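Working notes, beginning with the structure itself.
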Amino acid sequence: MGTSQYTVRTCVAEGVGVPCKLKTEPDLRFMKHPTSDDCDEAQGQKGSVTYVDLTLPSESGRALFVEVTTDVPGQNTDRGFFVRPTRLTREWGKASVSAKTASFYLADTGQFSVEFASDATWKSYNKATNFDALMLFVNPPLTVPKELTLISPGTSGKFFDLGPNKNYLFLAGIDYDWGKDYVFKVHDNTSVYFEQGAHVRARIVQTEKKVKNVLIQGYGTLDVHYDLKPDVVGISDDATRQNVGIFGKNIRVTGLTLINTNPTCGLFGYCLNINANWSPLGNKDDPFDAWELQLKDPPYKFHKAHCQEKNMDDSPNSDFTNCPTSRADGQVVSFVKCMTWQLGHDGLNAGKWGTVQNSFVRTIDDAIKPWDSHGIYRNITIWQLTLGWPINFGWWNWNQPDIDTVVTSIYIIHNHNWATSSGWPETQSGQCVVGGIYGSGAIKSGYRLSNIFVETAASCAVGLQISKKAYSRHLTPEGCVGSMKDIRIDGMYFDEEFYQTGGYNNFLSGETKPNDGCIKDLSGKIENMIISGNVGGRALVQSDFVVNSKTVPGLTFETAKDDPHPPLFDYFKYADKNTYNGHGSNEIDVDGVKVFSMKQCILRCHSDWTCECVVFQPSNSICWKRSNCKPGAFEKDEKYEVLIRQWE
């Protein structure tokens, strides 16, 4: 796996600002980009990720005190130091920062990126794609029961059955590596626990039948590393290369880190899919291939549905055994971390009545996939790599209503897809924060998206197209594509202006040439969509968009509500003053940054734990961050103002 170039020390403090005795974390995990340099599916992504699972006790008021030292070449605090998502961390006290070491408090659970880097890093293709990352996964306590069946690394065969009615444990410090793709198949009433630090090169699946009451839990790693042999349903499942892929009800996945370290170029694979609405039950006599729904028009062949209302050929499904019917028996995915490296390695999808919460996704394809009814996706941190939509609105859903899903409190700390938006998709739409090319015959309605926070360079806010020619599609038998109706996107907050590389924009279009008879809900329109947002301090407005008004009736832009994470500003202004190297401060920004207002200038400082003051030039709204600010040494200059942060 390689070696980390970070040192992490932690301790549990009685509160923010309260000292405690630091101890070195011994179990830093490291993964480096595995494919060759000429792998087109990697879209230039290289770099590495160091990650560690930490535990924050549940007692009120406690905090983790963390000290991080970087030995990564080129990393230091000269141009900034961030712990993202900064909206969550920026009010947790003052960090102590030196050239290669920083210490700070984390006052809640979550997934945090520690960055010894300038905020300008994320507009540089070479820097962004080669970045060596550190992720701190701060989790609630989990208890592993006693009297579990230990899983042996010596299990033989091509797969191993887990259950029914049994409880299992993967141990830390064991070499769970079979030298080939290995599958664990879960059955009814089965629990699978991972001891903290356990690393298992295998997959956990059940796609031949629908199961109930499955728990997969623990702060270990499930690693897809090996190529699949030619698919044999009943042995190696449905060949989707999912770390976790299960059909059924009352499925719980908590705490796992799901990674894909397969070095072979071009092999797709999701982190997690539960009740995926585009795939059938496995059938060894007629295996499903995803190509059957890519660039294909109806009629579609028969494949047996699991919990979908219809089979793939649109005949009715009559068997809903072990299918969720409400939130009470739906899927729940919590504190799961997904990290992948190439095109086709998608993130998290919990299916109908599913919940994904308090989780992290770092992918080079679509991060979260709210593609089915009554889902909840909340408190998710996303690091989008060089391709894909952070929030993908669907491709090829089988034909059943897709309604009333909620997506809220999504923290997009990075979004590098500006690197490929000029070439994909091949329309005027870029890979926006919310987007997709929708090619399903299912109506999508009643979705509610809110509180989506985007910290660094991002292409665009919303890019949606409905098309009967979508690359992946499942049209009605008549060749119709469903409409999107009554969708609200309330509150998209971009810390910076859009960063675009040409040839695309925010974009909304329905199907421009529907087939005869494709009317009403099957006319392929985007109807009565409401959008509100803030981009670098200004309102997100319709002029930011390219809109096909004929196919997008009832579009409304509203004023965004105040940011639900308001900064607690306390800055003192020194009018007619300037400061820079040798004149009362050290320069963080060498070149100034254009901002919308003085408030936006202060916000830039507020998120950077090296920043103590900013220089603002009112005449042109240029902003510079500074550290080690000494007011007595500021230079008099009527063109500038200095605002210094008050910590006490």
Side-chain angles (χ1 to χ4, degrees), residues 43 45 84-88 110-111 113 122 128-129 133 135 258 270-272 333 336-350 356-371 375-395 405-421 424-425 429-438 447-465 487 489-496 498-500 504-507 531 533 535 540:
Q43 293 294 308
Q45 185 62 49
R84 304 184 191 275
T86 60
R87 270 181 179 75
L88 302 181
Q111 301 82 37
S113 174
W122 313 111
T129 55
M135 295 301 307
L258 308 174
Y270 285 63
C271 277
L272 179 145
V333 177
V336 166
K337 291 80 69 174
C338 162
M339 295 183 285
T340 68
W341 291 99
Q342 57 173 308
L343 173 66
H345 290 184
D346 293 51
L348 305 177
N349 171 29
V356 179
Q357 59 190 5
N358 305 318
S359 293
F360 173 72
V361 186
R362 185 183 191 267
T363 61
I364 202 165
D365 215 312
D366 307 326
I368 60 173
K369 307 172 86 75
W371 287 9
I376 296 177
Y377 293 76
R378 63 187 173 205
N379 294 326
I380 298 170
T381 300
I382 295 174
W383 185 328
Q384 190 70 43
L385 298 177
T386 47
L387 189 141
W389 288 276
I391 303 170
N392 182 283
F393 248 35
W395 289 88
T405 281
V406 174
V407 181
T408 187
S409 298
I410 308 298
Y411 300 88
I412 301 171
I413 58 175
H414 298 302
N415 191 9
H416 309 328
N417 61 24
W418 52 263
T420 58
S421 280
W424 175 256
S429 169
Q431 295 162 86
C432 300
V433 169
V434 178
I437 304 178
Y438 191 65
Y447 268 55
R448 297 293 180 262
L449 285 69
S450 63
N451 297 338
I452 299 168
F453 309 101
V454 185
E455 294 201 4
T456 55
S459 291
C460 42
V462 182
L464 283 173
Q465 182 178 4
I487 292 173
I489 304 176
D490 290 323
M492 302 185 77
Y493 302 91
F494 294 81
D495 288 356
E496 302 179 6
F498 297 129
Y499 183 67
Q500 299 180 338
Y504 61 92
N505 210 326
N506 296 283
F507 183 80
I531 299 173
V535 184
L540 179 65

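Every value quoted in this text rests on a predicted model; they were computed, and no experiment measured them. Sequential numbering from 1 along the given sequence is applied to the chain's residues.
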Give me the atom names and distance for the closest heavy-atom approach of [X] to [Y].
X: Q500; Y: Y504; answer: CA-OH, 3.1 Å
X: A367; Y: Q384; answer: CB-OE1, 3.5 Å
X: N417; Y: S459; answer: OD1-OG, 3.4 Å
X: P85; Y: Q111; answer: CD-O, 3.5 Å
X: Q45; Y: T129; answer: NE2-O, 3.2 Å
X: C338; Y: G347; answer: SG-CA, 3.8 Å

Qualifying residue for side-chain contact (heavy atoms from CB on, under 4.5 Å) with V361, from L348, L272, V356, D366: L348
Residue among I412, D495, I410, I413 satisfying side-chain contact (heavy atoms from CB on, under 4.5 Å) with V454: I412
Hey, does [Y] have a side-chain heavy atom less than 4.5 Å from the side chain of [X]?
X: V407; Y: I368; answer: yes
X: F498; Y: V535; answer: yes
X: S429; Y: L464; answer: no
X: W389; Y: V434; answer: no
X: Y411; Y: E455; answer: no
X: F494; Y: N415; answer: no
X: F393; Y: I487; answer: yes

For the pair [X] (side chain) and [Y] (backbone), establish whether a donor and an acceptor sit closer than 3.5 Å, ignoring hydrogens and angles.
X: S359; Y: V336; value: yes
X: T386; Y: Q43; value: yes
X: Y447; Y: I489; value: no
X: S421; Y: Q431; value: yes
X: D365; Y: G344; value: yes

Separation of [Y] [atom2] from [X] [atom1] (nearest 0.5 Å):
X: L387; Y: T420; atom1: CG; atom2: OG1; result: 4.0 Å
X: F360; Y: K337; atom1: CZ; atom2: NZ; result: 10.5 Å
X: S409; Y: R378; atom1: OG; atom2: CZ; result: 9.5 Å
X: Y493; Y: R87; atom1: OH; atom2: CZ; result: 8.5 Å
X: W395; Y: I437; atom1: CH2; atom2: CD1; result: 4.5 Å
X: H345; Y: L385; atom1: NE2; atom2: CG; result: 12.0 Å

Step-by-step ring-ring contact (aromatic ring centres under 6.0 Å, His included) determination, W418 to W122: CA-CA 10 Å; W418 52 263; W122 313 111; over 10 Å; no
Donor on one side chain, acceptor on other, N392 and W371, under 3.5 Å: yes
Under 3.5 Å side-chain donor-acceptor pair for T340 and T363: no
Worked check of side chain to side chain contact (heavy atoms under 4.5 Å, CB included) between Y499 and H416: CA-CA 10 Å; Y499 183 67; H416 309 328; over 6 Å; no
